[in-house]
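Remember, it's 1-based here, ligands and their atoms both numbered in the order they're listed. Nothing here was measured: the structure is a model prediction, and the numbers come from that model.
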Amino acid sequence: MKIRECLSFDDVLLVPKFSMLGSRKDADLWTNFMDGCDLELPIISSPMDTVTGTDMALAMNSSGGMGIVHRYNTIEEQAAMVTELSEAGVDPIAVAIGATGDFFERARELVSRGAKVLCVDIAHGHHLLLRNALSALKNEFGADVHLMAGNVATLNAFNDVSDWGADSIRVGVGGGSCCSTRITTGHGVPTFQSILDCSESDRDALIIADGGIKNSGDIVKAYGAGADFVMLGSLLAGTDEAPGDITTNVSGEKYKYFRGMASRKAQVEWRGWSSTPEGVSTMIPYKGPVGDILADLRGGIASGVSYSGAFGLKDLRRNVEFIRQTSAGMSESRAHILGGGQ
Ligand code: XMP
């Protein structure tokens, strides 16, 4: 058996190129999401219950991105969140649903309240259940609703999920900061490699890079590899707008709770029982307003556009050149003055 070598974000760097971009403020990050909807900042917050509730969805919308409202509650509770966003004027309203149980009834209720994006949120998206769910949703809503689906790790899965009716596909299995899928099941593909592979697709579905994005550099690498959008969990968790309370330890340091949706704790809380966990839960340092985080990410992405000799993300995607770096290169890439080197 031939075993393929696959690359992670940290294995690669983008080569700097001659730039004519006057100011990074001029970098064009606009990306089309669906008919009548271009996003100024192609960042989507993950439908996790410690990342996206109404406050995060509102903040993402006002920063030019999009938040997917999580599904770990009753239909009535999620529908009330959609109503709140529809008053507030969020457009498009994006919500997560599952692929079993009450998913169809939930989808109907959420769409009737104004949701325009349904994210069918399952961990292993190359699955009969997703095919059946997409078929039922497409039949019911036709082109009125944007169907996001996932997650997938391979080109073959990406093409299948696209053929089943998905308009955008979450790409990345087991790479998330709170995931233990690769340890529990032995399965996964480094997210950067999955994006590269799926970018070979001749289908029109958008690529949403999801899982393992640690900083704006990874975001630029994801776009360079072919992602249309990135989905973020931990980078946006711990902020004011992420659901959950701030706790303070004895030293006065502030934290917020963050957890994988397949962690034992999350499973028990949202459905009353747990199968073998494929995620972890933790406290992370409190970060303040998410707008500050998004402003930093936007600045890093815009600088990345300039370093690539591009004017915006469209020409960055066409002109990028990746190189591989060694582990010595990775050590040099991190700020190392504080590392106690010789
Ligand atoms: P980051 O790295 O941005 O990743 O925090 C967020 C993504 O991780 C996925 N996710 C999980 N994957 N077990 C998993 O294997 C889990 O418990 C889990 N919870 C979230 C999901 O794709 C999310 O967007």
For [X], look at atom [atom1] and say whether over 12 heavy atoms of other residues, nucleotides or ligands are found less than 6.0 Å away.
X: Y307; atom1: OH; result: no
X: I183; atom1: CD1; result: no
X: D144; atom1: CG; result: yes

Under 4.0 Å to a heavy atom of [X] - the qualifying atoms of ligand 1, by number:
X: M48; value: 19 (N), 20 (C), 23 (C)
X: S46; value: 23 (C), 24 (O)
X: G260; value: 16 (C), 17 (O), 18 (C), 19 (N)
X: M231; value: 24 (O)
X: N151; value: 22 (O)
X: S263; value: 17 (O)

* Asked: Passes side-chain hydrogen bond (donor to acceptor under 3.5 Å, both in side chains), T248 versus E253? Steps please.
  -> CA-CA 5 Å; T248 308; E253 292 151 342; over 6 Å; no
Check for me whether [X] has a heavy atom closer than 4.0 Å to any atom of ligand 1.
X: G211; answer: yes
X: L235; answer: no
X: R259; answer: no

* Is it the side chain (CB and beyond), the backbone, both or neither of K214 that lies under 4.0 Å from ligand 1, heavy atoms counted? ->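 Near ligand 1, K214 shows nothing, with every heavy atom at 4.0 Å or more.
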Say whether [X], considering both its backbone and side-chain N or O atoms, lies within less than 3.5 Å of an N or O atom on ligand 1.
X: G212; answer: yes
X: M261; answer: yes
X: S180; answer: no
X: A262; answer: yes

* **Row check, W270 ring normal vs R71 NZ/CZ: under 6.0 Å, within 45°** =>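 Yes.
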How far is [atom] from its nearest protein heavy atom, and which residue and atom is that?
atom: atom 3 (O) of ligand 1; answer: G233 N, 2.8 Å
atom: atom 12 (N) of ligand 1; answer: C179 SG, 2.6 Å
atom: atom 7 (C) of ligand 1; answer: D210 OD1, 3.4 Å
atom: atom 15 (O) of ligand 1; answer: T181 OG1, 2.5 Å
atom: atom 5 (O) of ligand 1; answer: S177 OG, 2.6 Å
atom: atom 13 (N) of ligand 1; answer: E278 O, 2.6 Å
atom: atom 4 (O) of ligand 1; answer: G176 CA, 3.4 Å

* To do: Under the side-chain hydrogen bond (donor to acceptor under 3.5 Å, both in side chains) rule, what do R259 and T50 come out as? Steps first, then yes or no, please.
  => CA-CA 7 Å; R259 65 189 183 186; T50 50; 5.4 Å; no
* Decide salt bridge (Lys or Arg N to Asp or Glu O under 4.0 Å) for R182 and E278; before the verdict, give the C-alpha distance in whole Å, the side-chain angles of both, and the deciding distance to 0.1 Å. => CA-CA 8 Å; R182 294 183 191 167; E278 291 185 25; over 6 Å; no
* **Verdict with supporting geometry, S168 and H146, side-chain hydrogen bond (donor to acceptor under 3.5 Å, both in side chains)** => CA-CA 8 Å; S168 58; H146 175 110; 2.8 Å; yes
* Dump the intermediate steps for side chain to side chain contact (heavy atoms under 4.5 Å, CB included) on S234 and K214, then the final yes or no. => CA-CA 8 Å; S234 61; K214 308 175 292 302; over 6 Å; no
* To do: May I have the step-by-step check of salt bridge (Lys or Arg N to Asp or Glu O under 4.0 Å) for K287 and D240, ending in yes or no?
  => CA-CA 7 Å; K287 299 177 187 160; D240 285 323; over 6 Å; no
* Please walk me through it: do D11 and K221 pass salt bridge (Lys or Arg N to Asp or Glu O under 4.0 Å)? -> CA-CA 11 Å; D11 290 322; K221 291 174 188 177; over 6 Å; no
* Asked: What do the steps show when you test K256 against D245 for salt bridge (Lys or Arg N to Asp or Glu O under 4.0 Å), and what is the final call?
  -> CA-CA 6 Å; K256 284 188 89 163; D245 298 327; over 6 Å; no
